[in-house]
Amino acid sequence: MKISASDITSYKYCPRSYFREKVLKLVRPPNEQQVRGSLVHNIYSYFFANKVYERKDYLEWFVDEGINRIINKENERISKLNLSKTILKDDLFLAVNRVINAFKEGRIQIPREVEKRIENEEFVAISDAIFSDSPDNNGFVLGEVKLGYNLERVKLQLAVATIIYEGLGQSIKGAKVIDAYKWQEIPIEINDSVKEEVYRIRAEILKLWETKEVPECICGRCD
């Protein structure tokens, strides 16, 4: 059974919450923070995947129609939460301009790839951003875009991607969070103890799926 990076972080947040959502299929309703995080995440991906920074004509289109397309992708969750698309569009317009300024000022770098699915026999993950560490592309730095984050869970998420890449023979030179509030890159250390915790959580998840025993709640919100 392949365990995803989101499985690892969800279980870390609360084993019982993970059990209810993944095993019992009791999905939590969306919240505004999740929607806003997804929207800003897509701003980053569009900006670099389409090389908006190189094309003034495309930038003008992106600021108008591109933002509408990003919002429309979240129509279902936006409707459920009764959020104002006008307000969201205004916020994303500001986010686009902050991304542009951050790029011009060198606070965020051009990734080699964005939104890449990676997997091995044990894990699966989506790398938000992959950066080349050297001109010959022999080493990579992994990045995660976050609109607010818990450092421990982000480390686990990046550790899963690191484990997968290293298992595939790739050299991972570092990891970082792309802070989508300040639009700057923050280095994160992924050491052996973080990787060991990933494997410990994986073992607990596999046992949970086998026994179906209701685990402890540690978030204080499951009830």
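Ionic pairing of Lys195 and Glu166 is present here: one or more N-O contacts between side-chain nitrogen and carboxylate oxygen are shorter than 4.0 angstrom. Comment: Glu204 does not engage Arg202 in a salt bridge, judged by the lack of any side-chain N to carboxylate O separation of less than 4.0 angstrom. Salt-bridge check for Lys80 with Glu76: passed, with a basic side-chain N closer than 4.0 Å to an acidic carboxylate O. Arg200 has a carboxylate O that lies under 4.0 Å from a charged side-chain N of Glu197, or vice versa, which qualifies the two as a salt bridge.
By the neighbour-count criterion of 12 heavy atoms within 6.0 Å, atom CD of Glu65 is densely surrounded, having more than that number from other residues, nucleotides or ligands. The local environment of NZ in Lys51 is sparse, with at most 12 non-hydrogen atoms from other residues, nucleotides or ligands closer than 6.0 Å. Few gaps surround CD on Glu54; more than 12 heavy atoms of other groups in view lie less than 6.0 Å from it.
Closest approach of Ala102 and Trp183 over heavy atoms only: CB-O, 3.5 Å. In terms of heavy-atom proximity, Glu119 sits nearest to Leu168 at O-CD1, 4.1 Å. The shortest heavy-atom contact between Gln157 and Ala5 is CG-CB, 4.0 Å.
Remark: the Glu74 side chain and the Ser38 side chain contain an N/O donor-acceptor pair separated by less than 3.5 Å.
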Under the criterion side-chain hydrogen bond (donor to acceptor under 3.5 Å, both in side chains), I'd like the reasoning laid out for His41 against Glu144: C-alpha separation, chi angles, the key distance, then a yes or no.
CA-CA 9 Å; His41 187 281; Glu144 287 292 324; 5.6 Å; no
Check step by step if side chain to side chain contact (heavy atoms under 4.5 Å, CB included) holds for Ser17 and Cys217.
CA-CA 7 Å; Ser17 177; Cys217 169; over 6 Å; no
Do Glu122 and Ile3 pass the side chain to side chain contact (heavy atoms under 4.5 Å, CB included) test, and can you show the C-alpha distance, the side-chain angles, and the key distance before you say yes or no?
CA-CA 6 Å; Glu122 298 174 310; Ile3 304 299; over 6 Å; no
Show the numbers, then the answer: is there a side chain to side chain contact (heavy atoms under 4.5 Å, CB included) between Val177 and Glu185?
CA-CA 6 Å; Val177 172; Glu185 297 172 357; over 6 Å; no
Does Leu92 form a side chain to side chain contact (heavy atoms under 4.5 Å, CB included) with Val40? I'd like the steps, not just the answer.
CA-CA 7 Å; Leu92 289 188; Val40 173; 4.2 Å; yes
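Phe123 has its side chain within reach of Tyr199: a pair of non-hydrogen atoms, C-beta onward, lies under 4.5 Å apart. Residues Ile67 and Leu39 have side chains not in contact (no heavy-atom distance under 4.5 Å, counting atoms from C-beta outward). A 4.5 Å side-chain heavy-atom check between Ile190 and Lys155 finds at least one atom pair inside the cut-off. Residues Val198 and Ile163 meet the side-chain proximity criterion, which asks for heavy atoms closer than 4.5 Å. Looking only at side-chain heavy atoms (C-beta outward), Tyr44 and Pro111 come within less than 4.5 Å of each other. A 4.5 Å side-chain heavy-atom check between Glu32 and Leu83 finds at least one atom pair inside the cut-off. Annotation: side chain of Ile188 is in contact with side chain of Leu151 (closest heavy-atom distance under 4.5 Å). Counting heavy atoms from C-beta outward, Asn101 and Glu105 have side chains that approach closer than 4.5 Å.
In this structure, OH in Tyr11 is found 8.5 Å from CD1 in Ile218, a value given to the nearest 0.5 Å. Taking CZ of Arg20 as the start and OG of Ser10 as the end, the distance is 14.0 Å to the nearest 0.5 Å. For the atom pair NZ of Lys146 and CZ of Arg153, the computed distance is 9.0 Å after rounding to the nearest 0.5 Å. Atom CD of Glu210 is separated from atom CD1 of Ile205 by 14.0 Å, given to the nearest 0.5 angstrom. To the nearest 0.5 Å, atom CD1 of residue Ile71 and atom OG1 of residue Thr86 are 8.5 Å apart. Considering CG of Asp7 and NZ of Lys2, their distance stands at 13.0 Å, rounded to 0.5 Å.
Under the 4.5 Å side-chain heavy-atom criterion for Ile, Leu, Val, Met, Phe, Trp and Tyr, Tyr13 and Trp209 are members of distinct hydrophobic clusters. Cluster annotation: Leu81 is connected to Leu147 through the hydrophobic network of ILVMFWY side chains, with a link wherever side-chain heavy atoms come within less than 4.5 Å. One hydrophobic cluster, built from ILVMFWY side chains closer than 4.5 Å, holds both Tyr46 and Ile178. Taken together through direct or relayed side-chain contacts under 4.5 Å among Ile, Leu, Val, Met, Phe, Trp and Tyr, Met1 and Ile118 form part of one hydrophobic cluster.
Ser127 places no side-chain N or O within 3.5 Å of a backbone atom of Ile130 that could act as its donor or acceptor partner. For the pair Arg16 (side chain) and Pro215 (backbone), a donor-acceptor distance under 3.5 Å is present. Looking only at distances, a side-chain donor or acceptor of Thr9 sits under 3.5 Å from a matching main-chain atom of Ser6. The backbone N or O of Asn68 lies less than 3.5 Å from a partner atom in the side chain of Asn72, making a donor-acceptor pair. Here the side chain of Arg107 pairs a donor or acceptor atom with the backbone of Lys182 at under 3.5 angstrom. The closest donor-acceptor contact from the side chain of Asn42 to the backbone of Ile70 lies at 3.5 Å or more, if one exists at all.
Screening Ile87, Asn82, Leu88 against Ser84 for a side-chain contact (heavy atoms from CB on, under 4.5 Å) leaves a single residue, Ile87. Among the candidates Phe47, Trp61, Phe103, the single residue satisfying the side-chain contact (heavy atoms from CB on, under 4.5 Å) test with Val52 is Phe47. When each of Arg36, Lys85, Arg98 is tested with Asp91 by the rule salt bridge (Lys or Arg N to Asp or Glu O under 4.0 Å), just one qualifies, namely Arg36.
Ring orientation note: the planes of Tyr165 and Phe140 are tilted relative to one another, at an angle of 30° to 60°.
For Lys176 and Phe131, the positive end sits near the middle of the six-membered ring, less than 6.0 Å away and at most 45° from its axis.
A ring-centre distance under 6.0 Å is not found for Tyr53 and Phe62.
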